[in-house]
Structures are given as C-alpha cells and as structure tokens.
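Inspection log for the structure reproduced underneath, given as structure tokens.
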2 protein chains.
Amino acid sequence: MKTTFGEYIRLLRTKKELTLTQLAAKLNLDSANLSKIENGIRDFDEKRLPKLAKIFGLNLKELRNEYITDQLGKKIYETNCTKQLLKVAEEKAEYRRNLNKNLQTEKAV
Amino acid sequence: MKTTFGEYIRLLRTKKELTLTQLAAKLNLDSANLSKIENGIRDFDEKRLPKLAKIFGLNLKELRNEYITDQLGKKIYETNCTKQLLKVAEEKAEYRRNLNKNLQTEKAV
DNA sequence: TTAGATTTGTCAAAAAATGACAAGTCTTAT
DNA sequence: ATAAGACTTGTCATTTTTTGACAAATCTAA
C-alpha cells in the first residue's frame, strides 16, 4: 500500500460502491468528516479500526499495520526526517525497548 | 546520541552542574515539570528548543534533529513498529512528498 | 535533624482533536 | 435549466490531551 490511509479508505469504499454517507453511517461518523479523512484533512480515529476491518472483511492486524505506517509516514514527512535521521530514530526506539526490558527484569528482582 | 531526549537534557544539565530549579528557570518552566521531562514522563515542548540550544551553546538544527529522532523513536517504540514496517512508513512518507510536489506544480499551472 | 535537590500527585488552564451541522460546489439525469 | 444526490468546505461546541502550577513527599549529603 503506497497511499495515505485516507486514500485507502476511499479505495475500499468506491470498490464496494458505497457513498460517503453510507460508509460514514456504518462507521458511526459524519459524512462530512469522513470526506475530510479521505482527503487527508483529518485523521481516522484508531478506535474505529475494528469496525473498518469488519465492514470490508479485512484482517485487523494488517489494517492496523497500514494505519501505524501511515501515521509514522505522516510524521516522517512532517518533520522532514531524512533516511539517515530515521535510522537514528530507529536506534532510539531500540534503546527504549532495552530500557523497558531492564525495567521488567528489575521488577522481577 | 542513543538516549532519550530527557536523559540528554539531564546529561547537559549535570555536566554544567545546574540544579533542576536553575535550568527550569532559564527555560521558563517549573522544576517539577522539568524533572518529569528528564524522566520521560512528559515531553519537552518543541517551542523551547531555541532556548535550550542557547543555554548550552548547541547548534539549533542539530538539537532539533535530536528532538525529532527522539519523537519518532518514541512513536516507533509505542506502536511496536518493526523494521520492516518502518520501511513501509518511509515509503509512505516518500509518497506524501511526491503528492506535495505534484500539488506545487499544479498550482504553477 | 536540616537544607537543598528531586520526585510524585493533583488540578486547572491551554491546546489539539473530534463531532455535528449548515451551506457550498460539482455532477448527472431528466 | 434545474433538481437530486454525492461530495466538500467552513465553523463552532464538545471532548480529549497536553501543559503549567503548586503542594507535599522522598531522597541525599552536611
């Protein structure tokens, strides 16, 4: 998937020939806001992922992966983060994972 | 730098032998909150980066890079994003950059 | 113990995200 | 041309999240 999450939703929606109003109703949200989501003006709320998965018969885990990569991609884009810096960010994530691991073993003692 | 941004601040602060109260004053914030920042309970507010750079005689751009890699690293950590998914996220960032580029040229027409 | 440094808890204020609705544009069928 | 439906845009109240501020606790060294 090399689109934004909003474009992805639009793709799913049009393939099923649903209108904004119809899909919005299924998702419990306003069609105007869904329009903004598809157009990248607003974010899709993570708590609706299970509903979205169900509506389109998608695997929730995979959908969530689409979602988090979109979120991260957006942040990478917004911060103008180069590949080089992204590597540093990944190392810092790794560092946090280790911090957490150490906390766990500490607790065990 | 393979520490969190909070730890980094603490490092800078102790190297200069400043107390939380002293540095907090220079940064225009509460020492209790600075403590939380150093301990990773709260985030450092981006708008204070220029002040922070000045206080410690750091290059603002480099400091900002430390900051955004920390922010991204935190998000990568929190979302349990694997390296593989991170690659996807980077591709999506690239996609957004192209979207934006096309918008610019469209405007020109 | 006491003083200073740091941490933790809490709450109000500020900021950001979301929901809701009205009014607009755009397209298509008649 | 216009009427209907689909979509977009603007705005504002509500909700949620983040931040600032202060009190009280703990910790540490003299």
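Computed from a predicted model, the values in this text were never measured in an experiment. Proteins come first, then strands; the chains are lettered A, B, ... in the order of their sequence lines, and each starts at number 1.
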How close do A:L12 and A:F56 get, heavy atom to heavy atom, and via which atoms?
O-CE2, 3.4 Å
Tell me whether the count of non-hydrogen atoms from other residues, nucleotides or ligands lying under 6.0 Å of NZ in A:K74 goes above 12.
yes
Any idea which heavy atoms bring A:F44 and A:F5 closest together, and the distance?
CD2-CE2, 3.8 Å
Near DNA chain D, under 4.0 Å by heavy atom, which residues of residues 17-26 of chain A?
A:T19, A:L20
What one should report as the nearest heavy-atom pair of B:T4 and A:Y95 is N-CE2, 3.6 Å
B:Q71 side chain near A:K92 side chain, heavy-atom distance below 4.5 Å
no
Protein-nucleotide distance (B:I41, atom CD1; C:dT10, atom P), rounded to Å:
13 Å
Taking A:E7 first and then A:R10, would you say they form a salt bridge - that is, a charged N and a carboxylate O separated by under 4.0 Å?
no
I'd like to check A:I9 versus A:L23 (side-chain heavy atoms, cut-off strictly below 4.5 Å). Are they in contact?
yes
In the 5' to 3' direction, the nucleotides of DNA chain D bounding the stretch that comes under 4.0 Å of a heavy atom in chain B are D:dT19 to D:dA23
If you take all heavy atoms of B:D45 and B:Y67, which pair is closest and at what distance?
C-OH, 4.2 Å
State whether the side chain of A:R48 and the backbone N or O of A:N28 hold a donor-acceptor pair below 3.5 Å, judged by distance alone.
yes
Taking all non-hydrogen atoms of both residues into account, name the closest pair between B:D30 and B:A24 and its distance.
C-CB, 3.9 Å
So that I can tick it off, tell me whether A:K87 and B:E90 are bridged by a salt bridge, with the cut-off set at under 4.0 angstrom between side-chain N and carboxylate O.
no
Which atom of B:R13 lies closest to which atom of B:L20, heavy atoms considered:
NH1-N, 3.3 Å
Once Watson-Crick and G-U wobble pairs under 3.5 Å are found, how is DNA chain C written in dot-bracket notation, 5' to 3', with | for any base paired to another strand?
||||||||||||||||||||||||||||||
B:K75/B:E78 ion pair, N-O < 4.0 Å
no
I'd like a list of close polar pairs between nucleotides 26-30 of chain C and the protein, N/O only, cut-off under 3.5 Å.
none

Between N or O atoms, less than 3.5 Å apart, protein on one side and nucleotides 19-21 of chain C on the other: list the pairs.
unit_1: C:dG19; atom_1: OP1; unit_2: A:R48; atom_2: NH1; d: 3.4
unit_1: C:dG19; atom_1: OP1; unit_2: A:R48; atom_2: NH2; d: 2.8
unit_1: C:dG19; atom_1: N7; unit_2: A:R42; atom_2: NH1; d: 2.6
unit_1: C:dG19; atom_1: N7; unit_2: A:R42; atom_2: NH2; d: 3.3
unit_1: C:dG19; atom_1: O6; unit_2: A:R42; atom_2: NH2; d: 2.6
unit_1: C:dA20; atom_1: N7; unit_2: A:N33; atom_2: ND2; d: 2.9
unit_1: C:dA20; atom_1: N6; unit_2: A:N33; atom_2: OD1; d: 3.4
unit_1: C:dA20; atom_1: N6; unit_2: A:K36; atom_2: NZ; d: 3.4

A:L85 and B:L72, any side-chain heavy atoms less than 4.5 Å apart:
no
Looking at residues at least two apart in the chain, or sitting in another chain, which of them share a ring pair (Phe, Tyr, Trp, His ring centres under 6.0 Å) with A:Y77?
none
